[in-house]
Amino acid sequence: MPELPEVETTLRGIQPYLLDQRISRINVREPRLRWLVTPETVKAEGQLVKHLGRRGKYLLLGLDRGGLLIHLGMSGSLRVLEEFTPPGKHDHFDIELENHCCLRFNDPRRFGALLWSAGSIELHPLLRNLGPEPLSVEFTADYLFKRSRKRRLAIKNFIMDGHIVVGVGNIYASEALFMAGIHPSRQAGRISLQRYAGLVEAIRDVLERAIRQGGTTLRDFVGSNGAPGYFAQELLVYDRAGMGCFQCNTPIKKKVIGQRSSYYCPVCQR
DNA sequence: CGAGGGACCTGGTTGC
DNA sequence: TGCAACCAGGTCCCTC
């Protein structure tokens, strides 16, 4: 579920309940996530949440001293509970606040993460070598063009590499490449500056639209209903194998690239 | 250095 | 109906 738009929507949803609130307790029921949740995490208890942010698909909680980093992995989600609710299956940890709200993390596949950082959370080693945010001014055609020279890997793998640009997941990689008319298997180093300009625009556009959508379908982070889904997307190629291309009606193809399913129109994308 | 593949997990769907 | 195989929105890390 969580691609960048969903993480951004999660951030906006939980922010009002956490900002400037004090953490009373962190209750870890299942520490075996992507990385073991260490006992050090209790150091966050008693601290004020001074800042919330996002870097790629990582959620950042800046505290008085140190901070917490949360990743939703493939199947994670967060929601805010305003009153006591018994934990269900895969509810791996709670961040309880003095305002009696509780941020609850659910993740069936346990690819998510909760990491403590003694220093400033923005300086966490996992964030150090990440590429620019796709919605920032640093993400330009020039940048992609320069980074891609001599690179022979498929463009789809290139834009999904977080060291190149963060937050472009499997769904939106397919979507953006369709919008830009670029075949997902094309070598990154064999794409012109001009075509990269179209790709940058497509990535921005699809992510911005999805954030707007996420804002409507993921609005409710509070309450017992929880578990928001975001399926109201209008996807142009993703998961549409065999169905007609919206531009030329040719059947959409599915191909595994870099061990991930990729969808494209063999006519519109070159 | 770049490229490729395995690893970490559970659960839903598909096919025999 | 039962069960195995396969697939799923991420990304780190090891090997070649």
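All figures in this text were calculated on a predicted structure; none of them were measured in a lab.
- Side-chain proximity of A:Leu153 to the nucleotides B:dA3, C:dG10, C:dC7 is greatest for B:dA3.
- Atoms CG (A:Leu72) and C1' (C:dA8) sit 16 Å apart, rounded to a whole Å.
- An OP1 or OP2 oxygen of C:dT11 is reached within less than 4.0 angstrom by no side-chain nitrogen or oxygen of A:Arg260.
- Look at CG on A:Leu4: it is 10 Å from P on C:dT11, rounded to the nearest Å.
- Dashed line: the shortest gap from a side-chain N or O of A:Tyr58 to OP1 or OP2 of C:dC12 is under 4.0 Å.
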Quiz item: Given pairs defined as Watson-Crick or G-U wobble with both distances under 3.5 Å, what dot-bracket annotation applies to DNA chain C, with ( ) intrastrand, [ ] crossing, | other strand and . unpaired?
Solution: .|||||||.|||||||

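- Counting non-hydrogen atoms under 4.0 angstrom, A:Leu126 reaches the backbone sugars and phosphates but no base.
- Counting to the nearest Å, the P atom of B:dG2 and the NE2 atom of A:His163 are 11 Å from each other.
- With no hydrogens or angles considered, a side-chain donor-acceptor pair links A:Glu122 and A:Ser120 at under 3.5 Å.
- Nearest heavy-atom pair across A:Glu3 and A:Val168 is OE1-C, 4.2 Å.
- A heavy-atom distance below 4.5 Å is found between the side chains of A:Arg204 and A:Phe139.
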Quiz item: Taking protein heavy atoms under 4.0 Å as touching, what does nucleotides 5-14 of chain B look like 5' to 3' if B marks base contact, S marks sugar-phosphate-only contact and - marks none?
Solution: BB-BBBS---

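- Rounded to whole Å, atom P of C:dT11 lies 19 Å from atom CZ of A:Arg128.
- Rounded to whole Å, the distance from OH on A:Tyr238 to C1' on C:dG9 is 6 Å.
- A side-chain donor-acceptor contact under 3.5 Å links A:Asp107 and A:Ser75.
- Considering only heavy atoms from C-beta on, A:Ile155 comes within 4.5 Å of A:Phe158 through its side chain.
- Between C:dC12 and B:dG11, the distance separating the two P atoms is 25 Å to the nearest Å.
- When rounded to the nearest whole Å, the span between CE of A:Met74 and P of C:dA8 equals 8 Å.
- When rounded to the nearest whole Å, the span between CG of A:Asp161 and C1' of B:dC1 equals 14 Å.
- Between A:Asp239 and A:Leu235 there is no side-chain heavy-atom pair separated by less than 4.5 Å.
- Counting heavy atoms from C-beta outward, A:Ile95 and A:Val49 have side chains that stay 4.5 Å or more apart.
- Dashed line: the shortest gap from a side-chain N or O of A:Ser261 to OP1 or OP2 of C:dC7 is not under 4.0 Å.
- The gap from the P atom of C:dC7 to that of B:dG5 amounts to 15 Å, rounded to the nearest Å.
- Across all strands shown, A:Gly162 has no heavy atoms under 4.0 Å from either base or sugar-phosphate atoms.
- Look at the P atom in both C:dT11 and B:dG12: the space between them is 23 Å, to the nearest Å.
- Less than 4.0 Å separates DNA chain C from no heavy atom of any residue of residues 113-125 of chain A.
- Looking only at atom types and distance, the side chain of A:Tyr143 has a donor-acceptor partner in the side chain of A:Arg147 under 3.5 Å away.
- Residue A:His71 has no polar side-chain atom (N or O) positioned under 4.0 Å from OP1 or OP2 of C:dG10.
- With rounding to whole Å, A:Leu36 atom CG is found 18 Å from C:dC12 atom P.
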Quiz item: Where do A:Ser174 and A:Lys156 land on the side chain to side chain donor-acceptor pair (under 3.5 Å) test, with the steps shown first?
Solution: CA-CA 7 Å; A:Ser174 277; A:Lys156 177 156 178 283; 4.7 Å; no

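- Under the 6.0 Å distance and 45° angle rule, A:Arg149 counts as a cation-pi partner of A:Phe145.
- Summarising the local packing, CZ of A:Arg190 is surrounded by 12 or fewer heavy atoms from other residues, nucleotides or ligands at distances under 6.0 Å.
- Following chains of ILVMFWY side-chain contacts shorter than 4.5 Å, one can reach A:Tyr196 starting from A:Met179, so the two form part of one hydrophobic cluster.
- Proximity of A:Lys57 to the phosphate of C:dT11: a side-chain N or O atom is located under 4.0 Å from OP1 or OP2.
- Contact annotation: A:Arg152 side-chain N/O to B:dG2 OP1/OP2 distance is not under 4.0 Å.
- Taking the six-membered ring for Trp and thresholds of 30 and 60 degrees, A:His92 and A:Phe105 have ring planes inclined between 30 and 60 degrees apart.
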